[in-house]
Amino acid sequence: MNIPQSSFPRVVIIGGGFAGIALAKKLSKKEVQVVLIDKHNYHAFQPLLYQVSTGGLEPDSIAYPIRKILKDFPNFFFRLAKVEEIRTEGHLVLTNIGNIAYDYLVMATGAETNYYGNTEIETNSMAMKSIPQSLNLRSLILENFEQALLTDQYHERDALMNFVIVGAGPTGVELAGALAEIKKGILPKDYPDLDTRRVQINLIQSGDRILKEMSVQASEKAEGFLEGLGVQIWKNMRVTGFNGKTVTTNTGESFETATLVWAAGVKGVGVKGLDAKELLVGGNRLKVNTYNQVIGHNNIFAIGDVACMQTKEAPNGHPMMAQPAMQQGKQLGENLVALLENKPLKPFRYKDKGSMATVGRNKAVVDMENFKFQGVFAWYVWMFVHLFFLIGFRNRMVVFVNWVYNYVRFDREARLIIRPFNKDYKMFKD
């Protein structure tokens with residue numbers, strides 16, 4: 001990898017997400033050599049991926065170059081690479097561009113879509129965990145309407161304009177709300193020769209309420225918001241298959257659609273060499289102690305979505321969200337310095353700062369420890385928090401200007417097919 005030798009201990013971080021970046025920042029100007037490896041050269045702000053998918057934002061407004069984030073840090077090196085294996089006995093990371101030795105290794109690989117072993121759904125559905133996936137979904141949504149213009153068969157047109165979202169967590173709820181806003185304010189103007197009133201947005205949840213990780217109050221309010229926007233919510237229903245045209249469920253209900261978005265779960269991104277059964281728990285997450293050390297390895301750590309720290313307060317590990325990831329990254333930075341100075345480590349304590357979700361224009365739900373609120377004020381709070389956590393002044397300004405423009409003009413100007421998805425529409429023909 002052409003990394004220079006150093007008298008400082010080498011910390012190799014795999015993953016440039018919230019956890020990895022937080023750790024790298026914490027180690028800046030410390031007497032360590034930091035090498036960050038990622039398959040992308042940018043950090044993506046995943047909470048706003050759904051806005052890229054629905055044309056509200058361009059991808060470069062929620063992405064920021066990793067090298068620019070850490071450009072002023074001495075002894076920092078970034079390499080664009082895909083990690084292929086960890087050899088714990090030799091303290092070695094194997095990648096597609098070469099190998100690198102480590103003194104301390106930190107797994108911050110994040111999460112990916114979990115299809116729970118259903119290969120048919122994995123093959124035919126759309127995911128939304130990365131910027132490339134979001135661009136694919138944006139193209140497919142727009143291509144569906146272009147294709148709908150070309151047919152006079154009602155059943156075919158309805159299938160092309162029917163959207164099924166599986167999973168009613170924040171991702172599914174926010175995507176459903178955004179699609180409903182597009183149906184209401186944009187499609188009639190863009191496609192006057194289509195009866196866009198026939199557009200359907202179906203949100204399927206396996207449990208008995210949406211946003212199950214939030215309060216009952218937030219769940220009920222969000223459900224009311226979505227129903228007011230025309231979203232059809234199907235609870236206590238589980239999708240069993242999707243062949244690219246027909247969605248089947250455990251209740252016998254089926255849906256004809258060209259677009260199934262799978263937002264029903266995530267799992268940790270594993271790496272060969274740290275994939276032994278005794279190291280993993282449900283969701284392909286690495287078991288760690290309260291110092292984020294991988295069980296059985298004193299010099300290997302895991303933070304963020306890929307880490308599962310089981311405690312009395314969190315028997316299933318902490319939520320796979322940005323806040324726990326950033327907090328673990330910062331805490332591990334302090335502990336690594338303490339470890340090098342032979343000082344005692346501090347156990348991680350998660351501080352829950354609340355959760356939130358937006359459900360469309362002027363509609364959001366916010367849960368804080370002692371305060372829960374919904375509606376317009378919650379929507380403004382949601383916007384402020386997301387702007388605050390975006391990296392880079394330019395990104396904040398671009399996103400803010402886009403939001404103001406979209407709000408005033410009721411428009412989403414990034415509805416562009418930059419790279420076609422090229423779905424096979426033949427199966428929808430008679």
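The number of heavy-atom neighbours closer than 6.0 Å to NZ of K245, taken from other residues, nucleotides and ligands shown, is above 12. For CZ of F393, the number of neighbouring non-hydrogen atoms (other residues, nucleotides, ligands) closer than 6.0 Å is 12 at most. The neighbour count for K372 NZ, taken as heavy atoms of other residues, nucleotides or ligands under 6.0 Å away, is above 12. At most 12 heavy atoms of other shown residues, nucleotides or ligands fall within 6.0 angstrom of atom NZ in K39. Under a cut-off of 6.0 angstrom, the local environment of CD in E369 is sparse, with at most 12 non-hydrogen atoms contributed by other residues, nucleotides or ligands. For CZ of F389, the number of neighbouring non-hydrogen atoms (other residues, nucleotides, ligands) closer than 6.0 Å is greater than 12.
Between the side chain of R361 and the backbone N or O of G177, no donor-acceptor pair lies under 3.5 Å. No donor-acceptor distance shorter than 3.5 angstrom exists from the side chain of Q46 to the backbone of S130, with no hydrogens or angles considered. Of the possible polar contacts, one joining the Y116 side chain to the A264 backbone as a donor-acceptor pair under 3.5 Å is found. Between the side chain of K183 and the backbone N or O of V199, at least one donor-acceptor pair lies under 3.5 Å. In this structure, the side chain of E120 does not engage the main chain of G241 through any donor-acceptor pair within 3.5 Å. Using a distance-only test at 3.5 Å, with no hydrogens or angles considered, no donor-acceptor pair links the side chain of Q217 to the main chain of V365. N96 places a side-chain N or O within donor-acceptor distance of the main-chain N or O of K82, the cut-off being under 3.5 Å. Under a 3.5 Å cut-off, the side chain of Q133 and the backbone N or O of K129 do form a donor-acceptor pair. The backbone N or O of G16 lies less than 3.5 Å from a partner atom in the side chain of D38, making a donor-acceptor pair. Checked by atom type and distance alone, the side chain of Q205 never pairs as donor or acceptor with a backbone atom of V166 at under 3.5 Å.
Salt bridge status for R412 with D190: absent, with no side-chain N to carboxylate O gap under 4.0 Å. Under the 4.0 Å criterion applied to side-chain N and carboxylate O atoms, K235 and E223 are assigned as salt-bridge partners. The pair D411-R415 meets the salt-bridge criterion, since a charged nitrogen lies less than 4.0 angstrom from a carboxylate oxygen. Comment: R87 engages E85 in a salt bridge, judged by a side-chain N to carboxylate O separation of less than 4.0 angstrom. Looking at R285 and D305, no side-chain N of the basic residue comes within less than 4.0 Å of a carboxylate O on the acidic one, giving no salt bridge. Ionic pairing of R138 and E58 is present here: one or more N-O contacts between side-chain nitrogen and carboxylate oxygen are shorter than 4.0 angstrom.
T257 and T259 share no donor-acceptor pair across their side chains, judged by distance under 3.5 Å alone. One side chain, D367 or S215, offers a donor N or O that lies under 3.5 Å from an acceptor on the other. A donor-acceptor contact under 3.5 angstrom links the side chains of Q327 and Q323, judged on distance only. Between N124 and N243, the side chains place no donor N or O within less than 3.5 Å of an acceptor N or O (distance only, hydrogens not considered).
Atom-to-atom distance recorded for L70:CG and S28:OG is 8.0 Å, nearest 0.5 angstrom. Going from atom CZ of R349 over to atom CD of Q328 covers 12.5 Å, rounded to the nearest 0.5 Å. Considering OG1 of T123 and OH of Y115, their distance stands at 9.0 Å, rounded to 0.5 Å. Once rounded to the nearest 0.5 Å, the distance linking CD of Q331 with CG of N292 reads 8.0 Å. Rounded to the nearest 0.5 Å, atoms CG (L390) and CD1 (I62) are 8.0 Å apart. Put simply, CG on L280 and CD on E278 are 8.5 Å apart, with the number rounded to the nearest 0.5 Å.
Looking only at side-chain heavy atoms (C-beta outward), F421 and M126 come within less than 4.5 Å of each other. Between L226 and I210 the shortest side-chain heavy-atom distance falls below 4.5 Å. Using a 4.5 Å heavy-atom cutoff, the side chains of W403 and Q51 are in contact. Side-chain contact between D60 and R394 is present, with heavy atoms from C-beta onward closer than 4.5 Å. The shortest distance between side-chain heavy atoms of F301 and V294 does not fall below 4.5 Å. In this structure, R419 and N136 have side chains that are in contact, with non-hydrogen atoms separated by less than 4.5 Å. Residues S219 and M214 form no side-chain contact, since every pair of their non-hydrogen atoms from C-beta on lies 4.5 Å or further apart. With contacts defined as side-chain heavy-atom distances shorter than 4.5 Å, the pair E84/T95 does not qualify.
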Q | Verdict with reasoning, I37 to I13, per side chain to side chain contact (heavy atoms under 4.5 Å, CB included) | A | CA-CA 6 Å; I37 302 172; I13 304 170; over 6 Å; no
Q: Let me see the working for H91 and Y102 under ring pair (Phe, Tyr, Trp, His ring centres under 6.0 Å), right down to the final yes or no.
A: CA-CA 6 Å; H91 297 180; Y102 62 84; 5.4 Å; yes
(Q) One pair to check against ring pair (Phe, Tyr, Trp, His ring centres under 6.0 Å): Y407 and W379. What are the steps and the verdict? (A) CA-CA 12 Å; Y407 185 84; W379 187 65; 5.4 Å; yes
Q. How far apart are the C-alpha atoms of F242 and T248, what are their side-chain angles, what is the distance that settles it, and do they pass the side chain to side chain contact (heavy atoms under 4.5 Å, CB included) test?
A. CA-CA 6 Å; F242 177 56; T248 55; over 6 Å; no
Q: Determine, stepwise, if the pair N41 / F78 fulfils side chain to side chain contact (heavy atoms under 4.5 Å, CB included).
A: CA-CA 8 Å; N41 73 336; F78 172 76; 4.0 Å; yes
Q) Could you go step by step and tell me if F255 and I204 meet the side chain to side chain contact (heavy atoms under 4.5 Å, CB included) rule? A) CA-CA 11 Å; F255 304 84; I204 298 177; 3.8 Å; yes
Q: Using the side chain to side chain donor-acceptor pair (under 3.5 Å) rule, take D103 and N299 through it: C-alpha gap first, then chi angles, then the decisive distance, then the call.
A: CA-CA 7 Å; D103 295 300; N299 66 336; over 6 Å; no
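Using bins of under 30°, 30° to 60° and over 60° for the plane-to-plane angle, the ring pair F348/Y350 lands in the parallel bin.
Taking the ring centroids of Y380 and F384, they lie at or beyond the 6.0 Å cut-off. Between H43 and Y64, a ring centre-to-centre spacing not shorter than 6.0 Å is recorded. Taking the six-membered ring for Trp and the full ring otherwise, the centers of F18 and F45 sit less than 6.0 Å from each other.
For the pair N395 and A63, the tightest heavy-atom approach, listed with the atom from each and the gap, is ND2-O, 3.0 Å. Residues N144 and L160 approach most closely at CB-O, 3.3 Å, considering heavy atoms. For the pair V231 and A180, the tightest heavy-atom approach, listed with the atom from each and the gap, is CG2-CB, 3.9 Å. Pairing each heavy atom of M128 with each of S134, the nearest pair is CG-OG, 3.4 Å. The two residues E143 and K423 make their nearest non-hydrogen contact at OE1-N, 4.1 Å.
Screening I86, L36, V35, V106 for a side-chain contact (heavy atoms from CB on, under 4.5 Å) involving I14 leaves a single residue, I86. Checked options I131, L137, L57; the residue passing with L49 is I131 (criterion: side-chain contact (heavy atoms from CB on, under 4.5 Å)).
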